[in-house]
Amino acid sequence: MPTFETLIELNEIERDAAIDLLTRLGDDDLIMGHRNSEWTGLAPILEEDIAFSSMAQDEMGHAQAYYQMIHELSGDDPDTLAFGRGPRAYRCSSFVSLPNERDWGFCVLRQFLYDMAETVRLTALEHSSLVPLAQLARKLRGEEKYHLMHGRSWVLRLGNSTDDAHQRLQAALYKAYPHALGLFEPTSADVTLAQAGICPREEDLMRQWESAVVPVLGDAGLEIPEDVQPVNGGRVGRQPEALKELLENMQVVYNIDPSAKW
Amino acid sequence: MVSEKTTQSDLHRYPVMGLLPERAAAVAIALDTVTDPEIPVITIVEMGMIAGVRVEGDAVIVDMTPTFAGCPALDVIKADIVGAVENAGEPTVAVNVVYDPPWTSDRISDEGRRKLKAFGLAPPGRRCGNHEVVDLEQTPCPLCDSTETDLESIFGPTLCRSIHYCRNCLQSFEHFKAV
């Protein structure tokens, strides 16, 4: 399969497909990062305050890297992409928009499911025909390993802990799972991306993700939800009210003066 | 386990292209003065962050491979590189962020590791950078070298650090994570 050494080697259809992919990846990381940052100062213990704040910073850094690549493809300004769009222009999954609701157990479970999805995707993207994306994926996966280590150890610890902890985690899993499957909602770019060797089909990634999370959830003594219908729509801009509220909060300073220099 | 003495890291060395020796030396000296804002004892060259120096037209381009993509110090480092190389007599300097080669903690030089330890930060293990799963337990204490240590938190005061406790000298310490 031919490789694209630089972004300008993509034809118009491939370019639009790559922008679709990068927007999904960047938006997922930005919104996940924002949700994590909502624990700053509020997490149950100091170490977790630091952990969620650090993961927030990492995810936002990754979003910035994806937006920078979009900038090179389309000319769109990374800051405007992050702060200047309304909810319907975002392509994140509803999974990352779900409110924290002060439920740290839910959030640590979500973080685990999310980081495994990222790890599966970044591992695949390391072999992307789009060389700059493959290089970025290799870089980001090295950072994600600490997120995964964190999430996995908490899921195992809480799942095998008291009845209360176990039940909360189980409830969180039932709530999160249909939305987590929505991370793999295929878009109109799905076939183009796979045929060009840029990114595998979403259904392939979903299968890999399931075979990676199920054993860990099993070791945590959790029941895996069955016959679950994915919550889709985020990838085409059908966004929940929760994202609208999140953006109103996240963009409030930017909107006071979008032309301000920071 | 490979002993510290037998492994010599030179991944931090970078190619210089298109500059005559005198000009190249001046740029190299300038880069050696730029330090990490969060760990001011170590230079960005010792950190292995410089991927190469080249010329485009009249401009000197410094290729920099970032440590953590979300590191807030990156913009400061970029500005510091431009300032230092301009002071060395280059009128036009640009910093270009690259992910090839990817930065891993294996790029930190031997001298850099020595400085991290002297600063009180346990240096990262070798050859466990990038995707290798690392064992953060028993990280040697930078104060007393004991391996009777426990991991307290994978995350620390900056993205690149974890927090540990030494059961031998009863001190908390930080560790520069292997990435």
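To find a chain, count down the sequence lines: A is the first, B the second, and so on, and within it residues start at 1. Remember, it's a predicted structure, so these values are computed and weren't measured experimentally.
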- Item | Separation of A/E47 CD from B/S162 OG (nearest 0.5 Å) | 12.5 Å

- Query: Counting only heavy atoms not in A/Q208, do more than 12 fall under 6.0 Å of its CD?
  - Reply: yes

- For atom CG of B/L170, is the number of surrounding heavy atoms from other residues, nucleotides or ligands below 6.0 Å larger than 12? yes

- Shortest non-hydrogen contact between A/S54 and B/G156, atoms and distance: OG-O, 3.9 Å

- Query: Would one find more than 12 heavy atoms of other residues, nucleotides or ligands at under 6.0 Å from atom CZ of A/R168?
  - Reply: no

- Query: Is a side-chain donor or acceptor of A/K139 paired with a backbone partner of B/T65 at a separation under 3.5 angstrom?
  - Reply: no

- Item | Heavy atoms of other groups near A/R157 CZ, more than 12 under 6.0 Å | yes

- Query: Is there a side-chain contact between B/D100 and A/R138, using heavy atoms and a 4.5 Å cut-off?
  - Reply: yes

- Task: Can you measure from CD (A/E143) to CZ (B/F68) and round to the nearest 0.5 angstrom?
- Result: 5.5 Å

- Message: Quick check on A/I45: does its CD1 atom have over 12 non-hydrogen neighbours (other residues, nucleotides or ligands) under 6.0 Å away?
- Response: yes

- Message: With a 4.5 Å cut-off on side-chain heavy atoms, are A/Y146 and B/V179 touching?
- Response: yes

- Task: Return yes when atom CG of A/D257 has more than 12 non-hydrogen atoms of other residues, nucleotides or ligands closer than 6.0 Å, and no otherwise.
- Result: yes

- Message: I'd like to know if the side chain of A/Q57 and the backbone of B/L159 have a donor-acceptor N/O pair within less than 3.5 Å.
- Response: no

- Where along residues 77-84 of chain A does a heavy atom come under 4.5 Å of chain B, listed by residue number? none

